[in-house]
Each structure stands twice: as structure tokens, then as C-alpha cells.
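Since the structure comes first, as C-alpha cells, the remarks are kept for the end.
Nothing here was measured: the structure is a model prediction, and the numbers come from that model. Throughout, numbering of the chain's residues begins at 1 and tracks the sequence. Only this structure's heavy atoms are used, side chains among them; waters, hydrogens and symmetry mates stay out.
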Amino acid sequence: MEEFILPCLRFTLTLHQRSKMMKKVLTMIAFGALIMASCDNAPKFCVEGTIEGAKDSILYFTHSTLDGAQQLDSIKMKENGVFSFKADAPSGCPEFYMLNIGKHIIHFAVDSTENIIVKAQLPNMEKNYSIEGNESSKKIREISILQQEAQARIVAIERNEDMLPGDQVDSIESVLSNHKERMKMDYIFTDPSSAAAYYAVCQSITDLGGTFMLFNPISNRSDVKCYATVATAWDGAYPDAPRTQQLCNMAIKGMDNTALPQQTVIDVDEDKVTETGIIDISLPDINSKTRSITEQKGKVVLIDFTIYSASESVERVRTLRSLYDKYNSQGFEIYQISLDKDIHFWKFSCENLPWVCVHETDGTTTGIYNVTTLPTFFLVNRDNEIVMRSDFMEGTLEENILKLL
């Protein structure tokens, strides 16, 4: 009897132990489910809507992060075109997302727990769509469509075999200049702390040669101002956000890279210049025609070293225009040398100026003429001799022009 009871007791204890273990496991599972449910209660935003003509296509939902695109979800579209995605709401600053079917992309921004509603239609989903939920996403739609239109015009110019290369370059520069100016006035400077301003300043343009930044603060002093404007506004609104740090870093690096040119020391052949004479300068104007100072011999010439992107440039041009309008008919001419790094900005700034506007890229002439600050001008008499130098437009400049005339 004992031999029978003991094994049964051992078996009973084993079942009891297993029961206790099972209860522990179930408790742990329930606890884990509770934790997951708690995590799932984090604030969410939703993007939903319909896309016509998308049956059997795969719609991808992607987060555009500073480290690249991160796919969040996807869905195979049904005939009714209905879709719905949810994701954790951003914190700290607005974030950017995409919906795409193949190469057709819709960009939008999310600030918090918005409900973004998209209605689109293939095949040109990137243009044929409406979006509701926040103002920034509406403006991003406008920016995206303007960007696509600019890209299309550039590609059409590049493919136009009837245009001369120089005309193609000028036409492309005009398209880019006009597009950038609209971005500045309508989206960047109007509300620089918005997600739309961030999107506008960070956009890229794609042409037949590849993709490039529309605003490049690393090499373009004018573009630095756009980045700095948005960076300052975002630093006030979202001081701890990584995107704010990115903007600030780009602006600071751009300021360093586009600082005014330093004096360049160049050896000059003394046989080429007299004590009061000038060394000739030959540089291209906005039409790529080489213009020299000596071709102005017989006139009183103001040689002006300047940069159009400087804050005081507008007022300086007004002063020059007043002098030019007064005395040009009497033989007064202006030979203005731009040292702007952004050639597109230079051409845009001086395309309507009546005097000779040329561009210098390597600092050679500033070295020859010992120009250490900008702006600086030299006044040349009718015999091509320098008679006056000054860093300012004040004082006796007009009096000296009259004397030489």
C-alpha cells in the first residue's frame, strides 16, 4: 500500500507545482499585455483618406527623419481606395511624413495629434490631391507643386536642342532665381517658425544632371540668410529639437564659408603700371561678354568693388544710380565688380542696372588693387589714371566727379 501511495503523492505534488507555475506565467502575460496596452495609449496622429485608381497598388507610409526615410506601415489598396494609418504623435517639433505609391509621393507635416485627411487620384497623385488637417501641410502641397513645375521647366530647357548652351544656362538660372524668390517671400520669411518654412528651405531640385539643394548655405551667402532666419525662429519655438540644431549648424557653417574675402597678396609686374595709372581688368558681364576698364578710356570711371548680398547694397545702388543718372550723359561711367559667390543672385540683382556689371570669382583683382574691405571704389580720370580711392560714398566723391568731367 505504501508503495502505491507515495508515487501518487509525488504525482499530486507535481500537478500542484505545475498549476502554480501556470498561474505565474498567466500573470506575467497579463502584466505584459497591460504594459503594451499602456504603451499603445501614447498620443497618436492619424492619416487617412482615399486614393482613386490605386487598386492592388501598395501604399507606403514613411517618416522622413534626419537619418533618412523610415517606413512605418504599408497597405495593399482595394478598389474603394480607402486607407488609414496611425503613428505616435511627434513631440518637440513638427515632423515630416510621406505617402507614396511608386514614384508618386505626397509630403505632409504633423505637429501633434492631428487627423490628416488626404484625397488623391492616380496616376499623378503628387499633384492631384487635397489635404486637410493643418495649415503647414496645405502649404507644403503648394511648395511641392511649385517645385515640380520648376523641375519640369528646367528639364524642358535642358532637352531643348534648339537653344544655345549659354541661353540654356541663363534660362535655367532665371527659373531657379524666380522659384527661390517666391519661396523666400511666400513661405520662408512670412512664417519662419512653421513646418512649411523648414520644408521650403530644405527642398531639393532634380534635373537631368541629378539632385541639388535649392538653398545652399554652405557656398551661397544669400542662402545663409534664409537658413539663419528659419534657424532663429525654430530656436525660439523648438530650442531642444534635433531639427533646430541641424538648421543652426548649417547656418553657422555657411556664415564661416561665405565670409567676406580676405586680402590676397599678388605680385604685379611693375612695368605694367605707372604710379598713377591702372592695371586693366577684363571680366565677364551678365551676358558672358568680356568687358575691360581700358575700353572706357576717355570717360570718368568709378571702379566699384562690391557684393550685392550685403545688407547695405540696396542703398549703395540707389546712390550710384543717382550719380549715374546725373552725369552719364557727360561722360561718367561705372564699372562695378561683384564678388558675390552666388552667380545666380548676382545676375538677378544687376540685370536692370544701366552700367557695366562684371563678376569676379577668384579674388585676383582684389589682390591687385589691394582691396581689403567691401565695398571699395576707385575714381579714374579720362586718361585711365586713378585719382581717388575710398571705402565710403560720403564726402567729396560727387565734387571730384564734377571736376574730372
Side-chain angles (χ1 to χ4, degrees), residues 64 69 96-100 102-109 120-131 135-192 194-227 229-230 247 250 254 286 308-309 340-352:
S64 299
F96 300 86
Y97 301 86
M98 297 184 296
L99 295 172
N100 77 285
K103 64 180 181 180
H104 307 290
I105 303 173
I106 293 174
H107 297 272
F108 63 97
Q121 182 178 1
L122 283 178
N124 296 317
M125 182 176 80
E126 64 276 17
K127 290 184 178 180
N128 297 330
Y129 77 95
S130 64
I131 190 163
E135 284 303 309
S136 283
S137 291
K138 292 180 180 180
K139 290 186 179 297
I140 286 173
R141 176 187 180 276
E142 296 172 6
I143 294 167
S144 296
I145 291 175
L146 290 170
Q147 179 184 10
Q148 293 166 40
E149 291 173 351
Q151 289 181 171
R153 287 196 292 270
I154 291 171
V155 170
I157 293 168
E158 291 175 326
R159 288 176 172 167
N160 188 344
E161 297 179 356
D162 295 329
M163 292 184 71
L164 295 173
D167 293 336
Q168 285 182 325
V169 171
D170 289 343
S171 297
I172 290 171
E173 289 173 352
S174 177
V175 171
L176 288 173
S177 177
N178 291 335
H179 181 59
K180 289 176 73 170
E181 195 63 25
R182 183 163 186 180
M183 292 298 105
K184 293 176 187 178
M185 297 300 104
D186 293 353
Y187 302 100
I188 295 174
F189 295 145
T190 54
D191 188 8
S194 68
Y198 181 102
Y199 183 84
V201 83
C202 293
Q203 68 184 290
S204 298
I205 293 288
T206 300
D207 61 8
L208 295 179
T211 301
F212 59 92
M213 296 171 64
L214 179 64
F215 292 93
N216 185 358
I218 303 305
S219 60
N220 186 316
R221 191 170 180 82
S222 177
D223 291 352
V224 172
K225 295 179 181 178
C226 296
Y227 262 82
T229 298
V230 179
L247 289 169
M250 292 284 281
I286 61 173
Y308 292 98
S309 58
D340 291 88
K341 292 192 176 183
D342 185 348
I343 295 180
H344 308 309
F345 182 78
W346 161 64
K347 287 189 174 184
F348 176 78
S349 300
C350 68
E351 62 182 350
N352 294 317

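If you take CE on Met125 and CD1 on Ile106, they are separated by 4.5 Å, rounding to the nearest 0.5 Å. Here CD1 of Ile140 is found 11.5 Å from CD of Glu135. Values are rounded to the nearest 0.5 Å. We find the CG-CG distance between Leu146 and Asp186 to be 8.5 Å, quoted to the nearest 0.5 Å. Distance check: Ser177 OG to Ile172 CD1 gives 13.5 Å after rounding to the nearest 0.5 Å.
Minimum interatomic distance between Cys350 and Ile286 (heavy atoms only, all atoms of both residues): SG-CG2, 3.4 Å. Scanning both residues, Ser136 and Ser194, for their nearest heavy atoms gives OG-CB, 4.2 Å. Contact record, Ile105 with Glu126: O-CB, 3.3 Å, taken as the closest heavy-atom pair. Shortest non-hydrogen contact noted between Ile188 and Ala200 is CG1-CB, 3.9 Å. The two residues Ala196 and Ile143 make their nearest non-hydrogen contact at O-CD1, 3.6 Å. What you find for Pro123 and His104 is that their closest heavy atoms are O-CE1, 2.7 Å.
Among residue pairs with one or both ends in residues 140-154, those qualifying as side-chain hydrogen bond (donor to acceptor under 3.5 Å, both in side chains) are Glu142-Tyr187, Ser144-Tyr199; sequence neighbours excluded. Residue pairs meeting the side-chain hydrogen bond (donor to acceptor under 3.5 Å, both in side chains) criterion with at least one member in residues 154-172, sequence neighbours excluded, are Asp170-Lys347.
Residue Lys139 qualifies as open at atom NZ: its count of foreign heavy atoms under 6.0 Å is 12 or below.
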Worked verdict on Thr229 versus Lys184 for side-chain contact (heavy atoms from CB on, under 4.5 Å): CA-CA 10 Å; Thr229 298; Lys184 293 176 187 178; over 6 Å; no
Could you go step by step and tell me if Phe189 and Cys226 meet the side-chain contact (heavy atoms from CB on, under 4.5 Å) rule? CA-CA 8 Å; Phe189 295 145; Cys226 296; 4.0 Å; yes
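Looking only at side-chain heavy atoms (C-beta outward), His179 and Arg182 stay at 4.5 Å or farther from each other. Here the side chains of Tyr227 and Cys202 are in contact, with some heavy-atom distance below 4.5 Å. The side-chain heavy atoms of Phe215 and Lys180, taken from C-beta on, include a pair separated by under 4.5 Å. Between Leu247 and Val201 the shortest side-chain heavy-atom distance falls below 4.5 Å. A heavy-atom distance below 4.5 Å is not found between the side chains of His107 and Gln203. The shortest distance between side-chain heavy atoms of Tyr129 and Leu99 does not fall below 4.5 Å.
Between the side chain of Thr206 and the backbone N or O of Thr211, no donor-acceptor pair lies under 3.5 Å.
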